[in-house]
Amino acid sequence: MKLKEFEAKELFRRVDIPVSKGILISNKNDIPPFSEERLLKVQTLAGGRGKAGGVCVVRDAGEAGKLAARFLNSQFMGEQITEVLLDEKVEIAKELYLGILFDTSKRLPVFIYSEVGGADIEELKRRDPTKIKLREIIYHHGLVEDDCSFLLKNSSLSPKVQQQVKDVLKKLYTCFTRFDCTMLEINPLVVTPAGEVVAVDAVAVLDDDAKFRREVTFPERTHNRPATPRETAAHLIDKDDYRGVAGKTFVDLEGDIAILTSGGGASMTLLDALVDYGGKPANFTEYSGNPPLEKVEKLTRIVLDRKNLSGLLVAGVIANFTNIAETLRGVLNVLIAVRPNFPIVIRRAGPHDDEARVMLLEAKEKYGLDIHYYDEKIPLTQAAKIMVELSAAYRNRKKKDVNKIIRSKNTSQSKNTSKSKNTSQKGVN
Amino acid sequence: MAILINEKTRFLIQGITGKQGEQACQEMLAAGSPVVAGVTPGKGGMEVLGVPVYNSIIEAQKKQKIDCSVIFVPPKLAKGAIVEAIEAGVPLINVITENIPVHDMAYCFSLAREKKVLMIGATSAGIYSVGKAKCGPIGSGKARIAFTPGSIGVISRSGGMSCETSLVLSQAGLGQSTVVSIGSDILMGAAFTELVPLFEKDTETKGIVLFGEIGGTSEEDLAAYLIRRKEQGESFSKPIVAFISGRFASTLPGVSLGHAGAIIQEGKGTREAKVNALKRAGVIIAEMHHDIGRLIKEEIDR
């Protein structure tokens with residue numbers, strides 16, 4: 001999970017990295033009077049806010065208030081802004097860059113240090129890679145004296161400032177390990193004319209898998225845009241029930257094919273194929289790890305709570321632990337209650353799939369549901385193809401029905417027909 | 001032949017008394033793989049499906065040699081279990097556990113490198129040398145349907161898709177030598193670059209199929225390795241076909257689709273970057289997953 005600047009600075013404060021003094025403002029009326037120049041900084045998750053006009057110099061509370069009013073509770077770089085930081089304007093003699101992240105091919109943390117800070121580090125790397133120093137850290141040894149000496153070799157800074165930078169390097173590494181960060185960045189670390197160092201900006205990404213032991217918590221976020229009601233509802237399913245996962249990831253999309261997948265790799269392969277064959281997903285979501293029937297029911301209800309659907313695709317990899325009959329019973333209960341007339345393609349295999357087949361075929365007969373069940377004999381991608389074809393045929397049938405109704409309406413002006421035309425049209429598009 | 005594990009490999013299961021550990025133990029035994037010991041601290045003296053349980057690996061090693069440890073220990077305790085296996089000198093460690101903190105894995109990888117231990121995972125579904133040895137839950141109850149013995153090496157970043165990929169190959173009449181589920185975490189153990197040379201040396205393997213995903217750099221790392229080999233005048237000698245998922249996921253920037261590693265950040269690790277790098281390195285790309293069978297067959301028959 002990525003943090004905002006003020007949250008990352010909270011981590012820095014806890015390990016005694018000197019940071020610029022700022023006041024967090026979430027209401028424009030909370031700005032205190034001041035007389036020296038300050039910076040008003042929009043709190044975003046995305047980088048590059050400075051270039052987009054999200055960092056402004058302000059001279060008094062009136063000016064700050066006006067700007068804050070403009071930013072707060074509105075969109076900036078596609079994000080809903082809920083805070084601005086009224087920050088100290090630190091005097092700059094020199095700007096440094098410090099960063100630490102994992103190198104995925106070497107499987108080690110890498111320290112990045114440059115005495116050309118403030119700039120776009122990737123741009124600098126292209127322009128003058130010699131200005132950037134990289135040092136791999138042997139994790140089980142930790143950050144050692146040699147690492148610091150390597151990074152500060154041939155430094156242009158005075159010995160006194162170098163000592164302070166070294167101190168920040170060590171504290172930043174402590175911050176990285178203590179709070180289970182996957183990435184930390186100070187850009188810039190300012191050297192003031194008085195020879196002090198101050199972190200004026202901060203970036204931190206936290207490892208979600210280490211939440212259980214992190215001593216500080218931050219509000220949850222998954223998207224840059226506010227969650228839709230369906231997304232919020234889906235995310236709540238796992239809240240009070242730790243068995244399996246259902247709806248942890250839920251994304252509302254524009255299409256007309258409802259999706260219930262299982263398994264990360266399979267979900268992506270399946271959606272790639274669906275889109276390639278010309279299908280349009282109405283959502284993306286997953287359940288896995290053998291969730292109980294009730295959780296699958298809840299998720300299915302959310303997935304089907306959408307107008308103008310022309311299909312439901314329930315598909316996943318061959319399960320190792322998930323009870324196929326039990327979880328599909330959850331899907332089926334909702335289908336029986338909702339009774340959709342669009343095609344339903346199910347491709348699931350694993351424990352108890354024979355029971356699932358019998359159950360689904362019975363329900364198909366009894367409730368007139370258009371269920372197409374397949375096990376592992378049909379590849380996942382084939383199931384996506386079948387879904388796209390069936391939903392296209394369904395849409396065409398609907399269109400023909402509407403045309404028929406329109407024609408019959410033209411011949412007879414009965415109110416009854418025109419009413420049924422309206423209801424049918426809802427189902428099209 | 002096969003890679004990593006064969007009929008002689010002697011397995012130990014850490015976390016054997018848990019539900020998933022026990023199920024995998026049963027499947028491994030059914031596949032004829034010798035699970036010679038289990039470890040769960042505090043439960044030494046017990047037996048699971050006839051396999052003796054010890055309090056520690058050292059204790060188990062006093063009774064027999066261990067070639068590979070399979071780890072099912074829950075995420076909060078996994079680091080301790082992995083470190084125990086590394087320090088006990090187990091040469092191959094397969095971590096099945098999901099959601100282990102990145103810093104814990106970073107510690108284990110740096111220690112494993114020092115002790116020259118090979119790690120597969122975390123978040124691995126296991127390893128299967130078809131007809132010879134099964135390690136972990138890979139394929140589970142459907143293993144006999146999905147896998148057939150043969151000459152294709154499979155490496156997959158997705159656990160579930162390691163089985164589906166083998167199934168698609170089997171349905172195309174192509175059996176597998178060894179199938180390795182390498183996991184897809186931000187930091188992972190042996191990946192494509194470390195495993196393809198093993199398949200190259202394996203006389204039984206004629207071609208290699210990869211299942212890649214967006215995020216991370218393992219596909220780009222492989223491309224760099226293959227190009228390096230070519231420049232040294234020792235071009236990689238076996239055909240490789242890869243399917244890289246995530247075209248759809250690329251339309252959802254910043255949204256994690258189930259796999260921790262499958263997060264697109266700052267344009268790195270995109271499907272496009274991976275596909276282009278692999279193509280330049282001579283790897284055949286399957287645009288549709290079910291095409292991998294036809295494509296690898298064409299390459300082998302060439």
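Convention: sequence-line order gives letters A, B, ...; per-chain numbering from 1. Not measured: the values here are computed from a predicted model.
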Contacting region of [X] [heavy-atom separation from chain A under 4.5 Å]:
{"X": "B:V102", "result": "both"}
{"X": "B:P137", "result": "both"}
{"X": "B:L111", "result": "both"}
{"X": "B:M105", "result": "neither"}
{"X": "B:N99", "result": "both"}
{"X": "B:S218", "result": "neither"}
{"X": "B:M161", "result": "both"}

Tell me, out of [options], who's got the most heavy-atom pairs with chain A below 4.5 Å.
{"options": "B:A106, B:A125, B:A24, B:P75", "answer": "B:A106"}
{"options": "B:A191, B:G189, B:S156", "answer": "B:G189"}
{"options": "B:H289, B:E27, B:Q20", "answer": "B:Q20"}

**Partner residues of B:K79 under the side chain to side chain contact (heavy atoms under 4.5 Å, CB included) criterion, sequence neighbours left out** =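 Side chain to side chain contact (heavy atoms under 4.5 Å, CB included) check on B:K79 returns B:V83, B:D104, B:Y107, B:C108.
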Are the side chains of [Y] and [X] in contact, using a 4.5 Å heavy-atom criterion?
{"X": "B:R247", "Y": "A:L271", "value": "no"}
{"X": "A:R213", "Y": "B:P101", "value": "yes"}
{"X": "A:Y277", "Y": "B:M288", "value": "yes"}
{"X": "A:I318", "Y": "B:S140", "value": "no"}
{"X": "B:E114", "Y": "A:H141", "value": "yes"}

Give a yes or no on whether a salt bridge exists between [X] and [Y], defined as a side-chain N under 4.0 angstrom from a carboxylate O.
{"X": "B:E194", "Y": "A:R107", "result": "yes"}
{"X": "A:E136", "Y": "B:R113", "result": "no"}
{"X": "A:D353", "Y": "B:K142", "result": "yes"}

If you measure from [atom1] on [X] to [atom2] on [Y], what distance do you get to the nearest 0.5 Å?
{"X": "B:F248", "Y": "A:L253", "atom1": "CZ", "atom2": "CG", "value": "5.0 Å"}
{"X": "B:L187", "Y": "A:L108", "atom1": "CG", "atom2": "CG", "value": "8.5 Å"}
{"X": "A:D209", "Y": "B:I100", "atom1": "CG", "atom2": "CD1", "value": "9.0 Å"}
{"X": "A:M268", "Y": "B:R271", "atom1": "CE", "atom2": "CZ", "value": "12.0 Å"}
{"X": "B:I145", "Y": "A:E376", "atom1": "CD1", "atom2": "CD", "value": "4.5 Å"}

How far apart are the closest heavy atoms of [X] and [Y], and which atoms are they?
{"X": "B:Q171", "Y": "A:K377", "value": "NE2-O, 3.2 Å"}
{"X": "B:V168", "Y": "A:P379", "value": "CG2-CB, 4.2 Å"}
{"X": "B:T217", "Y": "A:T104", "value": "OG1-OG1, 2.5 Å"}
{"X": "A:V317", "Y": "B:G160", "value": "CG1-C, 3.5 Å"}
{"X": "B:H103", "Y": "A:Y139", "value": "ND1-OH, 2.7 Å"}
{"X": "A:G265", "Y": "B:S158", "value": "CA-OG, 3.5 Å"}

**Message:** Set out, in order, the CA-CA distance, both residues' side-chain angles and the distance that settles salt bridge (charged side-chain N to carboxylate O under 4.0 Å, His left out) for A:R347 and B:E164, then state yes or no.
**Reply:** CA-CA 12 Å; A:R347 193 280 193 181; B:E164 294 285 338; 2.7 Å; yes
**Prompt:** Listed by chain and number, what are the side chain to side chain donor-acceptor pair (under 3.5 Å) partners of A:T381, not counting sequence neighbours?
**Reply:** B:H290
**Item:** A:D180 portion near chain B, given a 4.5 angstrom heavy-atom threshold
**Value:** both
**Item:** CD (A:E215) with more than 12 external heavy atoms under 6.0 Å
**Value:**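 Yes, because the 6.0 Å sphere around CD of A:E215 holds more than 12 heavy atoms from other groups.
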**Prompt:** Hey, which of A:T285, A:D276, A:L270, A:I138 has the most heavy atom pairs under 4.5 Å with chain B?
**Reply:**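 When all of A:T285, A:D276, A:L270, A:I138 are compared, A:D276 has the most.
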